[in-house]
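Positions are given from 1 along the sequence.
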Amino acid sequence: MNQRLQGRVAIVTGAGGGLGRTHALELARHGARVLVNDIGGSTAETVAGEIRRQGGDALAVAGDVTRSEEMEAMAAHAVVRWGRIDILVNNAGILRDRTFSKMSLDDFRLVMDVHVMGAVHCTRAVWAQMQEQQYGRIVMTTSSSGLYGNFGQSNYGAAKMALVGLMQTLALEGAKRNIRVNCLAPSAATAMTESVLPAEALARLTPGHVSPGLIALVDEPAPTRMILLAGAGSFECAHITMTQGVHIEDVATAGEQLCHLLGAVADRSGEVVPASGWQQYQLELAKVTADALSARPRIFG
């Protein structure tokens, strides 16, 4: 095994089982020293012990990601033990699936709190250290439920898409200090997929087939602002794009005209992946300049 993460220190939240466990093991296989976090100390210690038995270096730290003070303490453990923090994998999460009309606000809020604020607490706990050492690799765990929607998962989907927005901005803010921030969207067997997929397909949807994708997102030459999809040994990339759209100068009739022009607005020829949110402003103002003398709608692309 190429020890491409030799000397790096990684924190993985929710690593007492499932995908977090395989993430921790995969990081250790590539040479990283791993702080294994979970809300249950015994499960975290089991995984840390597994890493140590395989010749790796690991530390188990119990902590609830919804409690910022516990995440600050967790990060401090890593710095005391190893002197730095190079990698953070925000993996901790829960499900409270139910259709929106039947979902309690408490269940909606709890899922948002664990996934979104949990990632915020953990990232804030390591951010200053990564800035000081001028190096950091952070991975948010998003989901196709957020990117594309999934029946019965309005809370989970909202949380997972929020993490994409968090990633986009943190990647911009961290760039000058060599902090790279990405998203990983895993596909894995769940109770939901058991009823619709054959056994041979489910056998491929294991956490172990996802975790290799993590290595590419935390390696030294890792990208930043990537949304990597991973499942069954396959890897894809998702993009948030912007079409060229139309410009309508006449405000008084713009609503009526737009109703007839939505097809042109949605036309994907010439679409781009914006470098930042400012690119929307730039495109729209450029169209005003280009079409300022005409009251007729103009289609761009």
Side-chain angles (χ1 to χ4, degrees), residues 11-24 36-44 46-47 61-75 88-126 138-170 181-197 202 205-207 210 227 229-231 238 240:
I11 294 174
V12 185
T13 66
L19 191 59
R21 171 183 168 273
T22 61
H23 283 346
V36 181
N37 161 263
D38 205 274
I39 197 167
S42 60
T43 56
T46 297
V47 176
V61 177
D64 183 346
V65 296
T66 67
R67 298 180 179 275
S68 60
E69 68 277 9
E70 293 186 15
M71 295 303 96
E72 294 285 348
M74 175 191 71
L88 169 65
V89 182
N90 286 305
N91 171 75
I94 60 169
L95 289 173
R96 292 294 186 272
D97 291 356
R98 194 173 286 269
T99 59
F100 187 68
S101 62
K102 296 178 180 178
M103 184 181 299
S104 71
L105 288 177
D106 284 344
D107 276 351
F108 203 106
R109 189 175 292 108
L110 180 61
V111 167
M112 295 292 289
D113 201 27
V114 172
H115 289 271
V116 182
M117 291 310 300
V120 169
H121 293 157
C122 296
T123 303
R124 191 167 182 87
V126 306
I138 299 172
V139 176
M140 309 290 181
T141 305
T142 188
S143 169
S144 56
S145 295
L147 295 167
Y148 312 116
N150 221 353
F151 189 90
Q153 291 194 315
S154 59
N155 52 359
Y156 186 73
K160 289 306 188 182
M161 201 58 182
L163 290 172
V164 174
L166 179 62
M167 174 272 288
Q168 297 276 24
T169 292
L170 290 182
V181 191
N182 296 286
C183 280
L184 178 65
S187 295
T190 65
M192 179 177 64
T193 57
E194 285 177 4
S195 61
V196 296
L197 293 175
L202 292 171
L205 290 170
T206 65
V210 172
I227 305 171
L229 285 61
I240 299 175

Would you find a donor on one side and an acceptor on the other, under 3.5 Å apart, between the side chain of [X] and the backbone of [Y]?
X      : Y      : result
Asn37  : Thr13  : no
Glu70  : Asp64  : yes
His115 : Ile94  : yes
Asp107 : Arg96  : no
Thr43  : Gly40  : yes
Thr142 : Lys160 : yes

Going from [atom1] on [X] to [atom2] on [Y], what distance comes out if it is rounded to the nearest 0.5 angstrom?
X      : Y      : atom1 : atom2 : value
Ser144 : Ile227 : OG    : CD1   : 12.0 Å
Gln153 : Arg98  : CD    : CZ    : 13.5 Å
Ser143 : Tyr148 : OG    : OH    : 10.0 Å
Ile39  : Arg67  : CD1   : CZ    : 8.5 Å
Gln168 : Asn182 : CD    : CG    : 10.0 Å
Cys183 : Met167 : SG    : CE    : 4.0 Å

Would you name the heavy atoms of [X] and [Y] that are closest together and state the gap between them?
X      : Y      : answer
Ala185 : Leu147 : CB-CD1, 4.3 Å
Ala230 : Val210 : O-CG2, 3.6 Å
Val47  : Gly16  : CG2-O, 3.7 Å
Asp38  : Ala15  : OD2-N, 3.4 Å
Ala119 : Leu166 : CB-CD2, 4.5 Å
Met74  : Cys122 : CE-SG, 4.5 Å

| query | If we ignore angles and hydrogens, is there a donor and acceptor under 3.5 Å between the side chains of Asn90 and Thr123? | reply | yes
Got [X] and [Y] here, is their nearest side-chain heavy-atom distance under 4.5 Å?
X      : Y      : result
Ile11  : Val126 : yes
Pro186 : Thr141 : yes
Val36  : Val12  : no

| request: For side-chain hydrogen bond (donor to acceptor under 3.5 Å, both in side chains), just list the numbers for Ser104 and Asp106, CA-CA rounded to whole Å, side-chain angles, deciding distance to a tenth of an Å, and then say yes or no. | output: CA-CA 5 Å; Ser104 71; Asp106 284 344; 5.3 Å; no
| message | Using side-chain contact (heavy atoms from CB on, under 4.5 Å), reason through Val65 and Val114 one step at a time and then give a plain yes or no. | response | CA-CA 7 Å; Val65 296; Val114 172; 4.2 Å; yes
| request: In sequence, state the C-alpha distance, the side-chain angles, and the governing distance for Asn155 and Met103, and then conclude on side-chain contact (heavy atoms from CB on, under 4.5 Å). | output: CA-CA 9 Å; Asn155 52 359; Met103 184 181 299; 3.3 Å; yes
| Steps toward side-chain contact (heavy atoms from CB on, under 4.5 Å) verdict (Val139, Leu88) | CA-CA 6 Å; Val139 176; Leu88 169 65; over 6 Å; no
| request: Please step through side-chain contact (heavy atoms from CB on, under 4.5 Å) for the pair Met71 and Val61, ending with a clear verdict. | output: CA-CA 10 Å; Met71 295 303 96; Val61 177; over 6 Å; no
